[in-house]
Structure formats: structure tokens, C-alpha cells
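Each chain gets a letter, A, B and so on, in the order its sequence line appears, and its residues count up from 1.
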Number of protein chains: 2
Amino acid sequence: MANMKQIAQMARVSIGTVSHVLNNSAGVREHLRRRVLQAVQTARYQPNQLARGLRRDKTDMIGMIIPDITNPFFPAVVRGAEDVAFSNSYRLILCNTDNDHSKELAHLNELHTYLPAGLIVIPSNFSDLTVQAERYRRAGTGVVCVDRLPKNWSGDSVTADNEQGAYDATRCLVKLGHTRLATITGPLHLTNAKERLSGFKRAMREVKLLLNPEYVQETTFDKRGGYLKTLTLLRLLPRPTAIFAGNDMIALGALLAIRELGLNCPKDVSLIGFDDLDLGETTDPSLSSVSQSGYQLGTRAASILLDRIQGDKSPAKHLVLETSLDLRNSVAPPPSGNRVTKPLKRRNRRDGQEIVHATS
Amino acid sequence: MANMKQIAQMARVSIGTVSHVLNNSAGVREHLRRRVLQAVQTARYQPNQLARGLRRDKTDMIGMIIPDITNPFFPAVVRGAEDVAFSNSYRLILCNTDNDHSKELAHLNELHTYLPAGLIVIPSNFSDLTVQAERYRRAGTGVVCVDRLPKNWSGDSVTADNEQGAYDATRCLVKLGHTRLATITGPLHLTNAKERLSGFKRAMREVKLLLNPEYVQETTFDKRGGYLKTLTLLRLLPRPTAIFAGNDMIALGALLAIRELGLNCPKDVSLIGFDDLDLGETTDPSLSSVSQSGYQLGTRAASILLDRIQGDKSPAKHLVLETSLDLRNSVAPPPSGNRVTKPLKRRNRRDGQEIVHATS
DNA sequence: CGGGATAATTGAAACCTTTCAAGGCTGATA
DNA sequence: TATCAGCCTTGAAAGGTTTCAATTATCCCG
């Protein structure tokens, strides 16, 4: 691989001049500049980013840490961030924490030694990002938090209006005539889960509906959690007629559970999710959901970060994006009047089905 | 951030000794070693990876290039690769090419200057990776190709047995009694698409079924492509009774099209996809699919790469993973006998629906 | 044409490691 | 106790860039 020294020789100039041409860091007379560019071309020279980073104390990499690349919502965020970063010639180093606290820590520590220009983080469960981020801040490296915030987070953030989204969804169910509303929340130490629950509660309060505490189930943000907690909910008496799921993965699990118990969505149970993932369009029934644009979350976060990199010293920004309710076939009015509650089918799973049962 | 010099001072040894302790590159007597480790601890020292990489001419990063992070199949591969890489303390730099040739090129070029230890690539459409990879090989950097191969690829590769998988799926449809089988393939310059088509054809040939050339439609590996080509297929006369889709995203699009034309899957049209994505479980009807483990593709690729990094000089490896057929509700025998072909419903899309129509 | 001011160019230091060669120490053997 | 081998330890160079200070070239004005 060619280096600057060789380019300098080819162009019959000093190394310093080559650098100046490449970075526009000082005036260089046209004929020299041309010679340098020429040499760069013919040698297909590309500056060694490690050396450059070492010297500059900063690279053109942006670290991005996400909890689970397997949940389709996060790739959407990544995509957004990548698009903005790439077109500003920053590159993304993507780290997957697998929702594992220690893995997040490891990434956070390591990343630091690559001197990234900034960090975009979707905190994992139990993240103590706040402490870690301090190290980065002290080194002048921006950190933007996306989707959910760790405890005591005071830095830049981009989130959706979770509270309002949940509120809207709940109001919609209420308007359809439901009175026995349940919700399956994500882990309540995550701000987004908490906010969605409080939106749900606000809507209930507003119409003076009583909320049976058993109707609020907390679980992880995945299909399995949704599946298990839905089984729990649907065995309660009286059985809830509508479920607001903390996200679409939970809703997907709910759908499976509803089906398995011989019930029908939306006839017996209405269901609304959160995120409005693409895959909600093709489910049976198609899934209603609170739509938030993961892509936008990503682009906005990257933009804020780029501003910081370019020297924006203004106080922390907290961007909250609007949500909208996307109604499809998974909602309907509750089963008519006081009709006798339909009995549940005996549970009968196919062999080899994948869902693992929790021990607790 | 602390550096080696400070550690050396704290431990009252030379910089060289610190390095030796950290890398086990020479015997260091126990009491000095302890002093160094102590200092490292208290200063929370972490070696600067840029400097290290610069000196060693190689970093602990593995570049991974994928065509579209938004297609759930690829994150699964990433996940696999990441798990293996991470546990061997390599880190993944993920680059998304958006199926864009020039973006792939840009990433390939850039990545080079970060001196990654190796590369895992799922080539994009029209990739001329083969040429690019040469540069890496000359620098002693391994490149492993996953899922599909670019033209003239002679390096390491990990792929699924696309031909056999497609064959099995087709045989299954035939066994159910279908005779008018159609297929929607991915871009045929991609090896995986080509292999799947040839598996399909082999099955047809074996049972001496005639293949109407119009029954083979080529498109991109996404929902929109599947949607459009299914519309085309279902307007042909006689109408095919079964479709083998080149992947699950295409199958998802097909499902939408079938539904939109007022037809029923599986009663009017049977459908089998490829990849066996999670989301196939919750579609209406649930989607049958040729199952290939993206996760395994990823782990295997990473393993091969790690071997190369550790000095494995054996000839290029071509790992081909088995597939299995996962049957769900999207397949059934063809509509009974010579029943009059059901008329198509007039097309009538909801406003604001997202699918964009191609101009051609 | 000389002088000064300004612009262009250069050389070398610095960034933080790794690694090599050289020097120092330890302990054993004679 | 002197010598030697062998192991430890060290200092310095090298890796490729940026950047600062210093030098050189250019230009304009008198």
C-alpha cells in the first residue's frame, strides 16, 4: 500500500505539501497541487486512517451500539443513522449487545480506544451508560441516545413520543367500546416501556375505566415474552377484550397465543402493537400498531451527532418524534354485550415448536 | 486517556516492559509483571488500538459488508458472525451497501485503510468483489464470501445448498398434485438465485413437467419485486397454481398480491419461500419455506476467517450448508380438477399504500 | 532593482505502540 | 572469585500521518 512518502516523491514535493493538498489545510500552488493529485491517482493512494486517527486524536468512525440486531426495529434505526453518516463520509462501527449489560460495557470500553468521532447508542437493559458516557464526553466525544434512555441521562437524545402514542392507541380501543383493556409492557426500567404504560394509564384514567392490576403484565420486548404473558392474560376472569402490546414483537407473540387458545383476533380480542414494523402488514390478521419511524430516529440521531462533531456546544437536545396510529385488522369492537365468555381451547402445541417456556 | 508511558512510570519500568507484559511477548519477572498489572488496573489503562494497529499493520477489526440490513435474513448472518468474532475478541465493522455497487466499492476501499484482520462479505448485486478482494489478499487479509458469490470467485465461501433446497420445495409442490408451477427468482446474476432456479428446473424435469417460460419471473429479492411479479403471474392463462418464491421477502410480496387479487392462498395458489424467516410464522397463511440458517452461515464464515487469520494457508474452502423444508399453511393441493378458473377481483388498493410501481 | 510583506513550501516533532538489538543482571560452574 | 550463559530489561527506531515553526519563494511597491 502506497504511503504519503511515496506520493511526495512521485510528485517531487515534501510530505507536508501532500498532506496540505489532501486536507486543504494550506494554500498550495496550482501546479504542485496538480502534480500531487496526479500521483495520488496513479498510485491509487488512500491515506492510512489509523495513522491519521492517531495523529488527529479522532477518526471518522461513529460507534453505534444496539441491543439486538435481530429485532427488525433496530436495523431500521441503523439504516437511518448509516445513511446520514455515510453521506458525510463517516463510517459506522456497529456493535450488538445482545441486551447483555457486560457486552455493552465491553463495547463501550473498546470502542473508546478506536477514537471514534461519536457514539450513537440504544441502551440495553440495565444500562449504566450514563457513567460510561462521561468518559467519552471528557474526551470531547459526543454521545447520542436513541429510543430509550438510561437512568439519569442528561445528554442528547432522540426518542418517539411513546406516551402520546400509547395514549392514542388506548383511546382508540376505548372508543370501540372496550372496557376490559390489558397491556403487556416491555421491561419497565426502560424509559420507552414506562412511557408507553403511562400513556395507556392516562387514557384509562381519562375515561374513568378501572384498571385491574393483573391486566398489566411486564415482560421482555420479544415474541416469546408476548406469547407467555398473553397466555396469562387470556386465562384471567373476566378475560380482557383488548390488549395493547408494548411493541410489535410482543404483539406477534400475542397473536400466536390468541390463535393457540382458539380465540379470534379481533373478534374475541383486539390487539394493537407499537413500532409498526413492516411485518405487521402480512400477519393474520394484519396488525394495528403505533407507528414510529425507526429510520427517522436514526437519521436525527446522526444529524445531532454530526453537529456536535462540528463543534455545536449548545445544551443537550431532546428530540421527541411524533407517532401515528396505523389501524389494520387486529382491532374490532368487543364481543357483543354480556355474551357468555367463550371457553378456551385445550392447549395443544405442535411438536418442535420453538417457543421456550420460562421457568418462572 | 492514559498511555503506556504513564503506566511505565507508575510501575517504574520501561515502556518496552509494559508492552511485553500486555502482550506476553517476552518473559518478565513476576514482581515487575505485578507492578505493571497493578498500574494498568489503577489507571484503567487500555491500549490505543490505532497505534497498535499502525505498528502491527493489522487491527482486531473484521469488516463485514452486507447488501441490506433491512432484510431480516442478513442480520441473522451478522449475528452469527458477531458472536464468533466477539468471543475471539475481534470486533465487527458493519457496512451496508444498500445493494449499491458504488457504495460497496467505497466501503471496500475505505475499510482497507483501517487494516482490518479480515473481511466477511455478502456481495451486492453486480459485485466485482473478485477484483477488489485481490488487493486484500495481497496484503494478507482474508476475505470470506457468504450466501452468494460474485463472478469468478475463487476464495473461501459459505453458502446454503440452494439447488437442493429449491429442488425439495418444488418436489413437494409436485407431490401435492400441482402441474402449473411458477417461480419468481431473485436477480439471476446472483449465484444463489441462479442455483435456486436450477433446483426448481431439475425437479420439473425429473417429473417431466413442461415449464412455460412465462412462469419464470426474475426480480429483486424484496417484497415489492415479489408483489409485482406475482400480479404478472396470476394474470397469465392458464394461471399457475403454485409459486416457488426465490426468498421470503418475495413470498411476502406474493402473499399481498394474491390477497389483493381476491385469491386465496393456499386454496387457489400454493406458495413456498426460501430462508424461513421468523416472520413467516405469523403471516396469513403461515408461510412454508426452505429453511437455511443465516446464523450458521455467519458463524461458519467467521470461523473460517479466524482460521485464516491464525495462519491457515490451505486452499480455498467452499462450505455448503444443508437446507430443510419447513411446511406450514401456505401449501395445499391445487384447486380440484378442471374447475373453472376463478375470476380475478378488480384491483383496488387502499390509498397511501406503500408499494411503488416500477416504470417498466 | 531592492526591500519588505505575504504566500508557499519544507522539515521535523508528535501521536502511541511494537519490536529488535543491545546491554544488564543473576546464578551456576569451575 | 571470576567467567559465562541465559534470561530480563531497556532504549530507540519504526509505522504513516498532521501540524507547527522555520525557511524559501513570490509579488508588489517604491
Side-chain angles (χ1 to χ4, degrees), chain A residues 1-37 39-40 43-61 89 110-117 139-141, chain B residues 1-37 39-40 43-61 109-117 139-141:
Chain A
M1 209 164 53
N3 60 18
M4 276 183 78
K5 202 167 156 191
Q6 296 169 30
I7 300 299
Q9 284 172 354
M10 290 171 65
R12 284 164 292 139
V13 297
S14 76
I15 291 188
T17 304
V18 176
S19 175
H20 286 136
V21 170
L22 260 38
N23 300 301
N24 272 316
S25 45
V28 174
R29 264 179 308 172
E30 197 49 30
H31 66 288
L32 288 194
R33 156 180 245 88
R34 265 208 303 271
R35 287 220 301 264
V36 171
L37 259 25
V40 166
R44 298 168 129 268
Y45 167 75
Q46 289 194 284
N48 180 321
Q49 296 293 333
L50 295 182
R52 164 179 282 195
L54 177 59
R55 181 59 233 244
R56 285 203 182 152
D57 215 40
K58 179 169 284 195
T59 65
D60 289 344
M61 303 192 260
S89 53
E110 296 243 338
L111 228 36
H112 199 234
T113 67
Y114 285 105
L115 306 183
T141 308
Chain B
M1 209 165 52
N3 60 18
M4 276 184 77
K5 201 167 159 192
Q6 295 169 31
I7 300 300
Q9 284 172 353
M10 290 171 65
R12 286 164 291 140
V13 296
S14 75
I15 291 188
T17 304
V18 177
S19 176
H20 287 313
V21 171
L22 260 37
N23 300 301
N24 271 318
S25 46
V28 173
R29 263 178 309 172
E30 197 49 30
H31 66 287
L32 288 194
R33 155 180 247 89
R34 264 209 303 271
R35 287 222 300 265
V36 171
L37 259 24
V40 166
R44 298 168 130 270
Y45 167 74
Q46 289 193 285
N48 179 321
Q49 296 293 333
L50 295 182
R52 164 180 280 196
L54 178 59
R55 183 60 233 244
R56 284 203 180 151
D57 215 40
K58 179 169 283 195
T59 65
D60 290 343
M61 303 193 259
N109 278 334
E110 298 242 336
L111 226 37
H112 198 234
T113 67
Y114 285 105
L115 306 183
T141 309

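- Rounding to the nearest 0.5 angstrom, the gap separating the CZ atom in Arg12(A) from the OG1 atom in Thr17(A) is 13.0 Å.
- For the atom pair Gln49(A) CD and Asp60(A) CG, the distance stands at 5.5 Å (nearest 0.5 Å).
- Of the side-chain N and O atoms in Ser14(A), none sit less than 4.0 angstrom from OP1 or OP2 of dG11(C).
- When distances run from any side-chain atom of Arg55(B) to the nucleotides dT17(D), dT19(C), dC15(C), the shortest one goes to dT19(C).
- Looking at heavy-atom distances under 4.0 Å, Leu50(B) makes no contact with the nucleic acid at all.
- Within 4.0 Å (heavy atoms only), Asn23(B) reaches sugar-phosphate atoms of the nucleic acid but no base atom.
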task: Carefully, step by step, assess Val36(A) and Val28(A) under the rule side-chain contact (heavy atoms from CB on, under 4.5 Å).
output: CA-CA 10 Å; Val36(A) 171; Val28(A) 174; 5.9 Å; no

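- Nucleotide dT18(D) holds its P atom 12 Å from the CG atom of Leu54(B), rounded to whole Å.
- If you measure from atom NZ of Lys5(B) to atom P of dT18(C), you get 16 Å, rounded to the nearest angstrom.
- In this structure, the side chains of Leu22(B) and Val40(B) come closer than 4.5 Å at one or more pairs of heavy atoms.
- In this structure, of dT17(D), dT9(C), dT9(D), it is dT17(D) that holds the atom nearest to the side chain of Asn48(A).
- Summarising the geometry, the separation between CD1 on Ile15(A) and C1' on dG16(D) is reported as 8 Å, rounded to the nearest angstrom.
- Looking at residues two or more places apart in sequence or on another chain, you find a side-chain hydrogen bond (donor to acceptor under 3.5 Å, both in side chains) between Arg56(B) and Asn23(B).
- In this structure, Arg52(B) and Arg56(A) both approach DNA chain D, and ranking their closest nucleotides by distance from the 5' end singles out Arg52(B).
- Residue Tyr45(A) places at least one side-chain N or O closer than 4.0 Å to OP1 or OP2 of dT17(D).
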A correct 5'-to-3' footprint of nucleotides 21-27 of chain C, with B, S and - meaning base, sugar-phosphate only and no protein heavy atom under 4.0 Å, is -------

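- Between Arg33(A) and Asn24(A) there is a side-chain heavy-atom pair separated by less than 4.5 Å.
- Computed from coordinates, the Lys58(A) NZ to dT19(D) P distance equals 13 Å when rounded to whole Å.
- As a whole-Å value, the separation of Met4(B) CE from dC15(C) P is 15 Å.
- In this structure, Ile15(B) and Lys5(B) have side chains that are in contact, with non-hydrogen atoms separated by less than 4.5 Å.
- Within the model, atoms CZ of Arg35(A) and NE2 of His31(A) stand 5.5 Å from one another, a figure rounded to the nearest 0.5 Å.
- For Ser19(A), taking side-chain heavy atoms from C-beta onward, the closest of the listed nucleotides dT18(D), dT17(C), dG16(D) is dT18(D).
- One can place CD of Gln49(A) at 11 Å from C1' of dG16(D), the figure rounded to the nearest angstrom.
- Taking the side chain as every heavy atom from C-beta outward, Lys58(A) and Leu50(B) never approach each other to under 4.5 Å.
- Rounding to whole angstrom units, CG of residue Asn3(B) and C1' of dT17(C) are separated by 10 Å.
- Atom P of nucleotide dT10(D) and atom CD of Gln9(B) are separated by 13 Å, given to the nearest angstrom.
- The side-chain heavy atoms of Asn3(A) and Asn48(A), taken from C-beta on, include no pair separated by under 4.5 Å.
- Rotation axes derived from the C1' atoms of the five outermost pairs at either end of the helix from dC1(C)-dG30(D) to dA30(C)-dT1(D) lie 60° apart, to the nearest 10°.
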